[in-house]
Amino acid sequence: ASSESVSSKHLSEILSSLAYAHRQLYEDSSALELNKQHLELVRQGLGNDSKSKLVGSLMEIGNTYIGLHNSEEAIRSIEEALSYVKVNDIRRKADVLFALGQAHFSNHDNGRAMECYNEVKMIAERIRRKVPDDMLFPRLLVNIAAVFFTDAKLED
């Protein structure tokens with residue numbers, strides 16, 4: 001590996017870590033800028049796992065946009081992440097669909113949120129047959145309950 005590729009790899013890891021720290025401190029604007037820089041490095045290609053890194057980076061951007069109450073950009077980023085998920089990576093697909101459901105819920109689109117959550121539910125049921133203590137299904141139920149609660153409040 002050349003020193004330039006090693007430097008890019010380290011820079012990518014540093015940007016990702018700094019973005020994470022800013023998110024934990026609720027400094028989402030700073031986190032977003034760092035995540036965008038990280039995404040650019042990932043797009044330049046960092047090896048064979050670059051698609052996986054691309055999904056992760058786009059997810060981080062999407063989640064940060066949710067924190068910034070910019071649901072449209074969150075949806076755009078997470079949908080792009082979904083387009084890079086490998087067909088046989090059902091856990092990753094479930095995680096991305098879960099985040100997409102959250103983005104739609106944040107955008108007050110409970111119908112689209114439930115569409116995503118129903119897809120996640122099918123995947124979560126498959127995963128639980130193999131890994132009974134997997135936490136995806138319980139997390140999903142909390143989000144579905146939030147949708148129903150919001151719908152009930154709207155009907156009042």
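Note that the structure is a prediction, hence the values are computed from the model and not measured.
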>> To the closest 0.5 Å, what do you measure between OG (Ser77) and CG (Leu58)?
In response: 6.0 Å
> Do Tyr117 side-chain atoms and Gln102 backbone N/O form a donor-acceptor pair below 3.5 Å?
Replying inline: yes
> How far apart are the C-alpha atoms of Leu140 and Val142, what are their side-chain angles, what is the distance that settles it, and do they pass the side-chain contact (heavy atoms from CB on, under 4.5 Å) test?
Replying inline: CA-CA 5 Å; Leu140 176 64; Val142 169; over 6 Å; no
> How many angstroms lie between OG in Ser30 and CZ in Arg23, if you round to the nearest 0.5 Å?
Replying inline: 12.5 Å
>> Just verifying a value: how many Å separate Leu68 CG and Asn63 CG, rounded to the nearest 0.5 Å?
In response: 11.0 Å
> Considering the options Gln37, Lys36, Glu33, which one meets the side chain to side chain contact (heavy atoms under 4.5 Å, CB included) requirement together with Leu15?
Replying inline: Gln37
> Do Met122 and Val120 belong together in a cluster built from hydrophobic side chains that touch within less than 4.5 Å?
Replying inline: no
> Within the distance-only criterion (no hydrogens, no angle test), does the side chain of Asn35 pair as donor or acceptor with the backbone N or O of Ala31 below 3.5 angstrom?
Replying inline: yes
>> Please report the interatomic distance CE(Met114) to CZ(Phe105), rounded to the nearest 0.5 Å.
In response: 11.0 Å
> Between the side chain of Ser16 and the main-chain N/O of Ser12, is any donor-acceptor distance below 3.5 Å?
Replying inline: no
>> Please report the interatomic distance CZ(Arg112) to NE2(His104), rounded to the nearest 0.5 Å.
In response: 4.0 Å
>> With side-chain contact (heavy atoms from CB on, under 4.5 Å) as the criterion, how do Leu136 and Arg91 come out once you've worked through the C-alpha distance, each side chain's angles and the decisive distance to 0.1 Å?
In response: CA-CA 9 Å; Leu136 177 61; Arg91 178 55 194 234; 3.9 Å; yes
>> Is it true that, when you exclude Arg126 itself, more than 12 heavy atoms of the residues, nucleotides or ligands shown sit nearer than 6.0 Å to its CZ?
In response: no
> Do Lys130 and Glu125 sit within salt-bridge range, that is, some charged N less than 4.0 Å from a carboxylate O?
Replying inline: no
>> Does either side chain, that of Asp28 or that of Thr64, offer a donor lying less than 3.5 Å from an acceptor on the other one?
In response: no
>> Test of understanding: clusters of I, L, V, M, F, W, Y form through side-chain heavy atoms closer than 4.5 Å, transitively. Do Met59 and Tyr20 belong to the same one?
In response: no
> Within a strict 4.5 Å, meaning less than it, do heavy atoms of the Glu119 and Glu115 side chains meet?
Replying inline: no
>> Measuring from atom CD1 of Ile123 to atom CG of Asp134, what distance do you get when rounded to the nearest 0.5 angstrom?
In response: 11.5 Å
